[in-house]
Peer 1: 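Encoded as structure tokens, here's the structure I'll be asking about.
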Amino acid sequence: MTAISVFLASKGIYLLTFILLSLGVAGMIVCNNYLKKLICMNIMQVAVIFFFLCLGQKSGGTIPVALDGALKASEYINPLPHGLMLTAIVVSLGTTGVGLSLLLRIREKYGSVEEDDIIRRERKV
């Protein structure tokens with residue numbers, strides 16, 4: 001049992017990332033509701049953000065601020081992935097807002113956000 005605990009403690013976040021990414025991809029494929037697809041897209045974005053933040057970490061590293069005891073670059077954590085992921089979060093919020101506004105327009109036009117209903121109504125026209 002300790003081997004599983006050690007594995008989850010060291011690599012558990014990668015397992016969580018893989019599960020979230022798989023859940024998002026499966027939801028995008030399986031769901032016919034566009035709102036659910038938008039939620040699954042957000043889940044995939046969170047998984048990618050987790051992955052990049054995990055890559056930016058290192059054991060024994062400290063924040064990239066000049067400290068008295070840490071003078072070597074190898075002792076600091078790289079701030080670039082964290083800055084990029086802050087930008088990714090802002091882009092994610094923007095795409096979610098645009099997606100929700102498009103869903104409102106789709107519901108106004110077709111009366112539904114179900115893919116099957118929209119395809120059926122488009123074929124009638």
Peer 1: Under a 4.5 Å side-chain heavy-atom rule over Ile, Leu, Val, Met, Phe, Trp and Tyr, are Leu23 and Ile39 clustered together?
Peer 2: yes
Peer 1: side-chain contact (heavy atoms from CB on, under 4.5 Å), that's the test. Do Met41 and Gln45 meet it? Break it down for me.
Peer 2: CA-CA 6 Å; Met41 183 184 71; Gln45 289 172 343; 4.2 Å; yes
Peer 1: Any side-chain donor-acceptor pair under 3.5 Å between Glu114 and Asn32?
Peer 2: no
Peer 1: Report the C-alpha separation of Leu84 and Phe52 in whole Å, then their side-chain angles, then the decisive distance to 0.1 Å, and conclude whether the side-chain contact (heavy atoms from CB on, under 4.5 Å) test is met.
Peer 2: CA-CA 9 Å; Leu84 289 174; Phe52 275 100; over 6 Å; no
Peer 1: Between Tyr110 and Asp117, does a side-chain contact (heavy atoms from CB on, under 4.5 Å) hold up when you go through it step by step?
Peer 2: CA-CA 8 Å; Tyr110 297 104; Asp117 294 342; over 6 Å; no
Peer 1: Could you state whether Val48 and Ile89 fall into the same hydrophobic cluster, counting links through intermediate Ile, Leu, Val, Met, Phe, Trp or Tyr residues with side-chain heavy atoms under 4.5 angstrom apart?
Peer 2: yes
Peer 1: When you group the ILVMFWY residues by side-chain heavy-atom contacts below 4.5 Å and let the links chain together, are Ile77 and Ile13 in the same group?
Peer 2: no
Peer 1: SG/Cys40 to OH/Tyr34 distance, rounded to the nearest 0.5 angstrom?
Peer 2: 14.0 Å
Peer 1: Quick one: pull up CE in Met85 and CG in Leu55 and give me the separation to the nearest 0.5 Å.
Peer 2: 9.5 Å
Peer 1: Are side-chain heavy atoms of Lys36 and Met28 found at a separation under 4.5 Å?
Peer 2: no
Peer 1: Find the distance between CG (Leu35) and CG (Leu104) and round it off to the nearest 0.5 Å.
Peer 2: 9.5 Å
Peer 1: How many angstroms lie between atom CG of Leu20 and atom CG of Asn42, to the nearest 0.5 angstrom?
Peer 2: 12.0 Å
Peer 1: Test of understanding: clusters of I, L, V, M, F, W, Y form through side-chain heavy atoms closer than 4.5 Å, transitively. Do Phe18 and Ile4 belong to the same one?
Peer 2: no
Peer 1: Is there a path of hydrophobic side-chain contacts, each under 4.5 Å between heavy atoms of I/L/V/M/F/W/Y residues, joining Val90 to Ile49?
Peer 2: no
Peer 1: Does some side-chain heavy atom of Glu115 sit less than 4.5 Å from a side-chain heavy atom of Asn33?
Peer 2: no
Peer 1: Compare every heavy atom of Thr95 with every heavy atom of Ser92, then report the nearest pair and how far apart it is.
Peer 2: O-OG1, 2.9 Å
Peer 1: Nearest 0.5 Å, what's the CG-CZ distance between Asp116 and Arg120?
Peer 2: 6.5 Å
Peer 1: Using 0.5 Å steps for rounding, measure from the CG atom of Leu38 to the SG atom of Cys31.
Peer 2: 11.5 Å
Peer 1: Do Tyr14 and Phe51 pass the side-chain contact (heavy atoms from CB on, under 4.5 Å) test, and can you show the C-alpha distance, the side-chain angles, and the key distance before you say yes or no?
Peer 2: CA-CA 7 Å; Tyr14 294 110; Phe51 180 70; 4.2 Å; yes
